Amino acid sequence: MHFSPEQLKVYFIAGSQNTNHDVDELISIVENACQNGITMFQYREKDSSTLPFANKVAVAQKLKTITNQYGVPFIIDDDIELMRAVNADGIHVGQDDTKIEQVISTCSDKIIGLSTHDQNEVSAANKIDGLDYIGIGPIFATNSKAHVKEAIGIDSLVQLYALANHPAVAIGGIHLNNVHDVLSTDVDGISVISAITKTNNFAKTISTLKGEL
Ligand code: TZP
Ligand code: MG
């Protein structure tokens, strides 16, 4: 799938660890999120995830069938083998994951994203050809990621986005009560886990994350 920065607008991330290891609930949430307007999805089995590879492939295939129906790009977190197994649209890696150089050289046909946290990481990302977008964060404190780095806040988001020469999505602790501050920056989009996995109103949550409400 061709990448365009508008796809970053509401970038939902989830894996079985975000639904108490209930895979059916994960699938149902992703379907609801697609129906209500997310623009990109990342399947992220990490942290306390216990799914064996074969199960990840089975879940990823189901999720990709759903996201395809809605034209939502399907991205895999840090697993080239899984990405290939289901012919996902892209791959996202963090600084301590599979090296971005390896991802670029082996996945040039895919959408490629990289997480960044500070000026050094954004400057280094600026020099990487073939990178489609960066994540900047965590913006606020979050419980959704193990070993998460310190929250950087809105002022640092503005500075890092100004420095960046790739489209960027803000991530970490973004909820309906603080998304307005993030939307007031120029950042291309908002990425969330719990704002969507824990919502009881998908339509309202996703519209608010888009800045429509
Ligand atoms: N990377 C940086 S913060 C984060 C990830 C995967 C977790 C975001 O989850 P939430 O629930 O939106 O804070
Ligand atoms: Mg990652």
Side-chain angles (χ1 to χ4, degrees), residues 1-4 7-8 10-115 130-135 142-148 169 171-172 189 191-199 202 206:
M1 189 180 293
H2 177 74
F3 173 75
S4 83
Q7 291 162 336
L8 297 176
V10 179
Y11 185 172
F12 176 42
I13 301 173
S16 61
Q17 70 280 356
N18 304 118
T19 57
N20 248 320
H21 310 283
D22 182 336
V23 163
D24 292 331
E25 189 187 348
L26 172 67
I27 291 166
S28 154
I29 288 173
V30 171
E31 177 137 46
N32 260 302
C34 286
Q35 274 163 0
N36 286 284
I38 60 163
T39 55
M40 182 119 112
F41 174 69
Q42 180 188 126
Y43 181 40
R44 179 177 182 272
E45 286 293 335
K46 233 171 193 169
D47 302 334
S48 66
S49 166
T50 53
L51 274 196
F53 184 75
N55 300 47
K56 289 187 209 174
V57 171
V59 173
Q61 261 155 358
K62 287 182 186 166
L63 294 175
K64 194 193 168 210
T65 302
I66 295 167
T67 56
N68 266 9
Q69 280 165 9
Y70 294 90
V72 170
F74 183 71
I75 310 298
I76 295 283
D77 181 273
D78 187 28
D79 192 333
I80 294 177
E81 199 185 347
L82 181 59
M83 181 203 68
R84 291 279 174 222
V86 301
N87 189 24
D89 300 305
I91 182 152
H92 184 98
V93 291
Q95 298 284 331
D96 301 326
D97 294 339
T98 308
K99 289 279 159 261
I100 187 65
E101 291 76 15
Q102 188 196 339
V103 173
I104 303 264
S105 64
T106 57
C107 309
S108 59
D109 53 329
K110 302 295 182 183
I111 297 171
I112 298 175
L114 173 69
S115 299
L131 182 62
D132 291 300
Y133 72 90
I134 60 169
T142 176
N143 293 322
S144 301
K145 184 185 195 315
H147 314 296
V148 71
V169 69
I171 182 165
S191 186
V192 300
I193 298 177
S194 56
I196 291 180
T197 57
K198 293 191 184 349
T199 189
F202 286 87
I206 293 164

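From a predicted model like this one, the values you see are computed outputs, not experimental measurements. Reckoned from all heavy atoms, side chains included, excluding hydrogens, waters and symmetry mates.
No side-chain donor from either of Thr197 and Asn18 sits under 3.5 Å from a side-chain acceptor of the other.
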Practice task
Check the pair Gln35, Phe202 against side-chain contact (heavy atoms from CB on, under 4.5 Å), reporting the backbone distance first and the verdict last.
Solution key: CA-CA 9 Å; Gln35 274 163 0; Phe202 286 87; over 6 Å; no

Problem - Verdict with reasoning, Val192 to Ile171, per side-chain contact (heavy atoms from CB on, under 4.5 Å) - result: CA-CA 6 Å; Val192 300; Ile171 182 165; over 6 Å; no

Practice task
Given side-chain contact (heavy atoms from CB on, under 4.5 Å), test Lys62 with Glu31 step by step and report yes or no.
Solution key: CA-CA 10 Å; Lys62 287 182 186 166; Glu31 177 137 46; over 6 Å; no

Exercise for the section: Would you check, one step at a time, whether the test side-chain contact (heavy atoms from CB on, under 4.5 Å) holds for Ile76 with Asp89? Expected result: CA-CA 8 Å; Ile76 295 283; Asp89 300 305; over 6 Å; no

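Taking each heavy atom of Val169 and Leu8 in turn, the nearest pair found is CG2-O, 3.8 Å. Of all heavy-atom pairs between His21 and Gln17, the closest is CE1-CA, 4.1 Å. The shortest non-hydrogen separation linking Val86 to Ala60 is CG1-CB, 3.8 Å. Residues Phe12 and Ala33 approach most closely at CD2-CB, 3.9 Å, considering heavy atoms. Of all non-hydrogen atoms in Cys107 and Met83, the two that sit nearest each other are SG-CE, 3.7 Å. Here the closest non-hydrogen pair linking Thr19 and Glu25 is O-OE1, 3.7 Å.
In this structure, Gln7 contributes its side chain and Pro73 its backbone to no donor-acceptor pair below 3.5 Å. The backbone N or O of Val93 lies less than 3.5 Å from no partner atom in the side chain of Asp78, so there is not a single donor-acceptor pair.
Val72 has its side chain out of reach of Thr39: every pair of non-hydrogen atoms, C-beta onward, lies at least 4.5 Å apart. Contact check for Lys110 versus Met1: no side-chain heavy atoms found under the 4.5 Å cut-off. Ile100 is listed as a side-chain neighbour of Ile112, based on a closest heavy-atom distance under 4.5 Å. Taking the side chain as every heavy atom from C-beta outward, Thr67 and Val30 approach each other to under 4.5 Å. Taking 4.5 Å as the limit, some side-chain heavy atom of Phe53 sits within range of a side-chain heavy atom of Leu82. Between Tyr43 and Asp77 there is no side-chain heavy-atom pair separated by less than 4.5 Å. Between Leu131 and Val103 there is no side-chain heavy-atom pair separated by less than 4.5 Å. For the pair Val57/Gln61, a side-chain contact is recorded, criterion being any heavy-atom separation below 4.5 Å from C-beta on.
Between Asp109 and Arg84 a salt bridge is recorded (basic side-chain N to carboxylate O distance below 4.0 Å).
One finds the NZ atom of Lys99 at 13.0 Å from the CD1 atom of Ile104 (value rounded to the nearest 0.5 Å). Note that the NE2 atom of His147 and the CG atom of Asp47 stand 7.5 Å from one another [nearest 0.5 Å]. Taken to the nearest 0.5 Å, the CG atom of Asp79 stands 7.5 Å off from the OG1 atom of Thr98. Atom CZ of Phe74 sits about 10.5 Å away from atom CG of Asn87, to the nearest 0.5 Å.
Screening Asp22, Thr50, Leu51 for a side chain to side chain contact (heavy atoms under 4.5 Å, CB included) involving Ser16 leaves a single residue, Leu51. When the options Ile75, Leu63, Ile13 are evaluated for a side chain to side chain contact (heavy atoms under 4.5 Å, CB included) with Phe41, the one that passes is Leu63. Here the rule is side-chain hydrogen bond (donor to acceptor under 3.5 Å, both in side chains) with Asp97, and of His92, Gln102, Lys46 only Lys46 fits it.
Here Tyr133 and Tyr11 bring their ring centres to under 6.0 angstrom of each other.
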